[in-house]
Amino acid sequence: MGRYLLKRLLLMIPVVLITSLVIYGAMNLTGGDPALALAPDNATEAQVEMIREELGLNDPFIVRYLKYMGGMLKGDLGTSYVTNKDVFKTYMQRLPNTLELGCASVFVAVLIAIPLGIYTAINQNTWKDNVGMVFALFGVSMPNFWLGLMLVLLFSLRLHWLPSSGRNGLASLILPALTVGMGLAALITRTTRSSMLDVLRQDYMRTARAKGADERRVIFRHGLKNALIPIITVIGMQLSNVLTGSVLAETVFAWPGVGRLIFDSISKRDTPMVTGCIILSCVLMSLVNVLVDVLYAFFDPRIKAQYVRRER
Amino acid sequence: MSAVTKSTVTTAKPVTKMKSRSQGQEAWRRLKKNKGAMLGLAFLILLVVVAIISGYIFDYETDVIGINPAEKLQKPSAQHWFGTDNLGRDIFARVLYGSRYSLVIGVGSVFIGLVIGVLCGALAGYYGGMVDQVVMRINDMLYAVPNIMIAVVIVSLFGTSTFNLLLSLCVTVATAFTRIARASVMTIRQQEFVEAAYAMGLPTWKVIFKHILPNCLSPIIVQATLSIGTTIINASSLSFLGIGIPSPAPEWGAMLSEGRNFIRNSGYICVIPGLAIMFTVLALNLLGDGVRDALDPKLKK
Amino acid sequence: MSDLILDIQDLVVNYETDDGIVHAVNGLNLQLEKKKTLGLVGETGAGKTTTALSILNLVPNPPGVIRNGRIILDGEDVLQKSPKELQKMRGNDVAMIFQDPMTALNPVMTVGEQIAESILLHENVTQAEAFERAKEMLRQVGIPDSRAYDYPHQFSGGMRQRVVIAIALACNPKLLIADEPTTALDVTIQAQVLELMKELIRKYEMAVLLITHDLGVVAEVCDEVAVIYAGKVVEKGTADDIFNHTLHPYTEGLFNSMPNLKKKGEDLEPIKGMMPDPMNLPEGCAFAERCPYASDACLRVNPELRKVSDTHWVACRAYEDERFQLRRYQHA
């Protein structure tokens with residue numbers, strides 16, 4: 001198992017390399033001349049040329065790319081055209097905020113969705129199922145930024161229970177996490193429900209009951225454990241999305257996260273920032289994928305056997 | 001010889017058409033039984049009617065974007081059913097008129113995205129090999145990128161406009177259809193009646209369009225209905241972020257963005273447009289789920 | 001009477017669906033004495049599995065409903081028990097083996113854990129002790145106990161069925177219900193598993209209700225036989241009664257439709273027609289429309305089981321005429 005993990009982590013390297021080449025190429029070969037954008041309005045051509053030299057824009061593409069890669073190995077991803085600050089540092093400053101929001105959102109989502117999914121699956125086709133499904137349907141149909149606004153309206157402005165924006169302390173995390181989490185919850189509920197419905201039909205559930213196990217044990221120990229794989233897949237996908245930044249929630253709540261950073265950088269044509277952030281986001285997403293694979297092996301011995309067999 | 005071929009060709013066509021006609025009627029019958037789907041359908045028909053009538057009832061210049069400082073920020077009343085916004089514009093009129101944008105953008109992007117996506121997916125699924133690999137790698141990359149990022153890139157390169165909004169929405173829609181079309185085509189392609197069509201000497205494009213694609217319709221129809229919903233949400237999200245439909249157009253997301261600044265004292269500005277989005281997408285999802293169940297009832301059980 | 005481990009009286013079980021009511025079991029009567037093995041024989045759809053599930057009160061609900069009847073297991077009516085009492089009973093007093101070993105085991109639990117679970121549910125032991133006993137059970141069914149740490153996907157079909165048997169016998173139940181335990185297995189494995197079962201039945205001194213459609217299996221393993229058709233028992237007796245003194249036309253039909261080496265070259269004689277649609281059962285005898293001996297009265301009245309000897313019962317109007325004999329005995 002350990003060797004499998006190592007292999008996966010090593011495999012990330014070529015993925016990151018190719019992605020960085022594509023992104024770097026895309027960002028630097030399109031769009032305008034950054035030197036022009038950076039230069040003051042009344043600059044002469046000579047002054048603009050000087051800026052170009054400084055930025056190394058006159059070198060051939062391959063040289064620029066290799067220099068960039070060299071820098072990346074040292075943790076230097078360049079400097080922002082806009083703020084003049086180090087790209088890597090800026091990203092790392094914002095990352096904890098996004099991690100916080102991302103994990104809290106997934107936590108909220110799972111807390112709501114898995115019990116709801118199990119409940120509706122057990123009570124399939126009754127009114128309880130219908131109510132649960134309607135709830136999930138509303139969750140999927142609501143624009144999440146609007147949910148954010150509504151939550152702010154109710155909990156901040158009317159009830160004064162929670163702050164309406166910014167990041168300071170646990171209380172300020174609640175509304176943003178709910179905003180993002182509800183949308184995730186709807187999707188995870190549907191997946192949980194359909195996976196549980198599949199599992200509930202299986203013969204081994206009947207075997208467990210015939211042994212004298214009570215219903216709760218049958219549902220959780222025998223049912224849920226088998227239903228988890230597709231659920232983990234969906235949670236993993238959502239976690240990936242959320243960790244690369246939820247631009248909308250960050251906008252509504254002025255949450256200083258990575259999503260808003262990327263968004264603003266693209267708008268302002270801040271090429272080094274965009275390139276660096278996207279590459280780092282890819283690394284993050286790959287790590288999440290590896291984590292999800294590990295979870296698979298943990299929950300399903302048949303999958304674990306495949307990983308272990310590969311080692312032999 | 002030709003007489004024989006002709007008669008076999010003409011009998012081949014009705015088989016596929018007849019199959020889909022009675023299938024269609026069957027599906028419609030099942031759909032009618034689904035109360036949720038019917039409710040959704042009713043709402044959508046109402047919405048289309050509203051969108052069409054708005055063009056006649058409201059005069060764009062005065063009712064929709066006309067600035068009226070004297071009446072600004074009034075709470076809902078008999079005069080203004082949904083109140084007025086910060087520029088004194090009647091929100092009721094704006095919300096109703098805004099339906100035009102949502103519907104046109106939603107249906108438009110999905111239509112274009114569908115055509116592009118199905119074409120790409122069908123080609124990938126049909127030819128396999130290198131074509132398949134290339135198409136699917138590109139598709140996977142685009143599929144992984146959140147719609148918002150695609151939109152920001154396009155807007156930063158080409159500026160904010162309705163056309164660019166459509167463009168970025170199409171990309172996201174197309175990626176979904178490529179996957180579906182490819183999967184369907186790959187399944188159908190292996191079936192025997194396709195070999196039979198070849199044996200009769202039909203050219204490739206005819207085989208694709210007249211025999212393979214009609215049998216892939218079910219997942220495509222379901223996806224189309226659901227895609228319109230997600231596209232409307234994406235469009236309003238982009239407008240909310242300021243890179244969608246430019247002001248002063250009464251697009252629902254843009255209205256929320258403007259209203260946000262006044263949420264403290266005039267919260268109602270932010271409620272109604274969002275409800276409009278939610279109910280529209282809800283109706284589309286109800287209908288889409290109903291269509292999926294009607295076309296393949298086995299999935300439900 | 002107190003010798004009975006199982007007494008099913010007038011059992012009626014329906015499956016109530018949107019498309020109609022399926023009458024799966026229609027007034028079934030069955031008795032089984034302690035330490036005896038009874039073979040319940042019938043075609044697919046006759047109601048065998050539903051009967052077996054009813055004994056454990058495990059008929060899936062919805063859509064299954066037990067509309068009538070009493071199931072007396074060792075003196076107590078199963079259908080009157082509370083859920084907690086049922087849980088105590090299942091696996092402990094009565095255990096059940098199902099048909100398909102490939103799907104009967106939980107894929108994410110080790111085999112040892114699944115056997116141990118049975119023990120832990122009913123006895124006050126530690127996890128370690130239960131696992132040790134699980135290993136012992138594996139040895140009993142002919143599997144090396146080191147395999148207790150393996151998962152079901154690492155076993156073949158025949159071995160999985162042995163594990164299923166180990167789980168069932170772990171708490172030494174008084175009654176074992178085996179629903180077509182060898183049908184899903186290869187023929188050579190079938191013989192092995194049957195041998196194992198015979199040995200364990202003797203060893204554990206259990207009563208066994210063996211459900212099967214295979215008369216060969218019945219001949220090998222069973223002391224008594226009950227033939228079930230359209231949710232009712234139509235003939236019951238000892239193995240000798242049923243095989244050598246067949247009474248019911250349906251039973252005769254079953255024997256005739258089996259390939260017989262002695263009659264090589266002759267056409268097979270399947271029973272004409274099909275079992276009636278359980279959503280639409282006829283008023284009279286359910287077998288009447290296929291029965292070569294049927295009369296008009298048979299179509300109107302559903303016959304009850306009547307005693308022919310101390311051990312042999314049959315539900316057939318033809319025997320109101322004392323001289324009636326089945327064709328197979330008419331030549332003798």
Side-chain angles (χ1 to χ4, degrees), chain A residues 18-19 22 26-27 30-32 124-125 130 133-134 136-150 152-154 156-158 164 183 186 190 194 197 201 237 240-242 244-248 250-252 259-260 262-270 274 277-278 281-282 285, chain B residues 35-36 40 141 144-158 160 226 229-230 232-243 252-253 256-257 259-260 263-286 288-289 299-301:
Chain A
I18 298 180
T19 318
V22 171
M27 292 308 294
T30 61
Q124 191 192 12
N125 290 332
N130 291 331
M133 282 294 94
V134 165
L137 202 57
F138 268 89
V140 164
S141 309
M142 229 181 330
N144 69 342
F145 63 90
W146 180 69
L147 175 64
L149 289 175
M150 293 296 102
V152 165
L153 196 56
L154 179 60
S156 282
L157 300 174
R158 289 290 140 85
S164 64
R190 287 180 154 207
S194 75
L197 282 176
R201 283 185 310 197
M237 266 170 43
S240 255
N241 283 341
V242 164
T244 46
S246 346
V247 182
L248 290 164
E250 290 175 16
T251 305
V252 171
R260 191 74 217 191
I262 300 181
F263 182 84
D264 290 335
S265 311
I266 299 180
S267 306
K268 296 181 194 149
R269 313 274 205 93
D270 188 354
V274 176
C277 287
I278 294 185
S281 294
C282 283
M285 272 172 71
Chain B
K35 285 187 231 146
M141 283 201 301
V145 180
N147 175 259
I148 295 180
M149 296 306 174
I150 296 182
V152 176
V153 170
I154 292 182
V155 163
S156 74
L157 290 175
F158 304 122
T160 313
L226 297 174
T230 42
I232 292 182
I233 292 191
N234 285 340
S236 63
S237 303
L238 293 174
S239 301
F240 179 77
L241 290 171
I243 53 177
W252 294 334
L256 287 172
S257 176
R260 198 173 150 223
I263 194 173
R264 199 162 282 273
N265 293 317
S266 310
Y268 60 89
I269 302 184
C270 293
V271 176
I272 309 294
L275 282 176
I277 302 175
M278 183 172 83
F279 282 119
T280 306
V281 178
L282 189 65
L284 283 161
N285 281 333
L286 279 170
D289 279 350
L299 285 178
K300 191 171 189 184
K301 293 195 186 144

Checklist outcome for this item: When every non-hydrogen atom of B:Ile277 is compared with those of A:Pro143, the smallest separation belongs to CG2-CG, 3.6 Å
Checklist entry - Is chain A contacted by the side chain of B:Leu275, its backbone, both, or neither, given a heavy-atom distance below 4.5 Å? => result both
Item to check | Proximal component of B:Asn265, with respect to chain A [non-hydrogen, under 4.5 Å] | outcome: neither
Item to check | Test log, rule side-chain contact (heavy atoms from CB on, under 4.5 Å), inputs A:Ile266 and B:Val155 | outcome: CA-CA 9 Å; A:Ile266 299 180; B:Val155 163; over 6 Å; no
Next on the checklist: Taking every non-hydrogen pair under 4.5 Å, which of B:Pro146, B:Gly229, B:Gly259, B:Ser237 racks up the most with chain A?
Outcome noted: B:Ser237
Next on the checklist: So A:Ile262 and B:Val152, do their side chains get closer than 4.5 Å, heavy atoms only?
Outcome noted: no
Checklist entry - Going through the checks in order, is the side-chain contact (heavy atoms from CB on, under 4.5 Å) test met by A:Phe138 and B:Val281? => result CA-CA 9 Å; A:Phe138 268 89; B:Val281 178; over 6 Å; no
Item to check | Residues that A:Thr251 engages under side-chain hydrogen bond (donor to acceptor under 3.5 Å, both in side chains), provided they are two or more places apart | outcome: A:Arg260
Checklist entry - With a 4.5 Å heavy-atom cut-off, do A:Leu248 and B:Ile148 have their side chains touching? => result yes
Checklist entry - Quick one: does A:Val247's side chain get under 4.5 Å of B:Met149's, heavy atoms only? => result yes
Item to check | Structural part of A:Val252 lying under 4.5 Å from a heavy atom of chain B | outcome: both
Checklist entry - What closest approach, in Å, do A:Val140 and B:Ile233 show between heavy atoms, and which atom pair accounts for it? => result O-CD1, 3.8 Å
Checklist outcome for this item: In terms of heavy-atom contacts, A:Phe145 and B:Ser236 come closest through CZ-O, 3.7 Å
